[in-house]
Amino acid sequence: MTRQSLVTSNGVKVNNAKVVKPDVAADNGVIHIIDTVVIPEFLGKIKPVS
């Protein structure tokens, strides 16, 4: 998956997801809260097992 980041006067976007809360401390590092679910491209190519 190629990530594309964009910084504008309206904030930061990553793959069309807007960062709504940056730099949230977590037990294993720092996370950024975004306003949408980002799904890797390869998951769309996996066929369900019947």
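When reading the values below, keep in mind they use all heavy atoms of this one structure, side chains included, and skip hydrogens, waters and symmetry mates.
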Review point. Is it the case that more than 12 heavy atoms not belonging to Asp35 sit under 6.0 Å from its CG atom?
Key: yes
Check your understanding: Transitive ILVMFWY cluster of Leu6 at side-chain heavy atoms under 4.5 Å: who else is in it?
Key -> none
Under 3.5 Å, which donor-acceptor pairs do the side chains of residues 18-34 form with other protein atoms, sequence neighbours left out?
from	atom 1	to	atom 2	distance (Å)
His32	ND1	Asp23	N	2.9

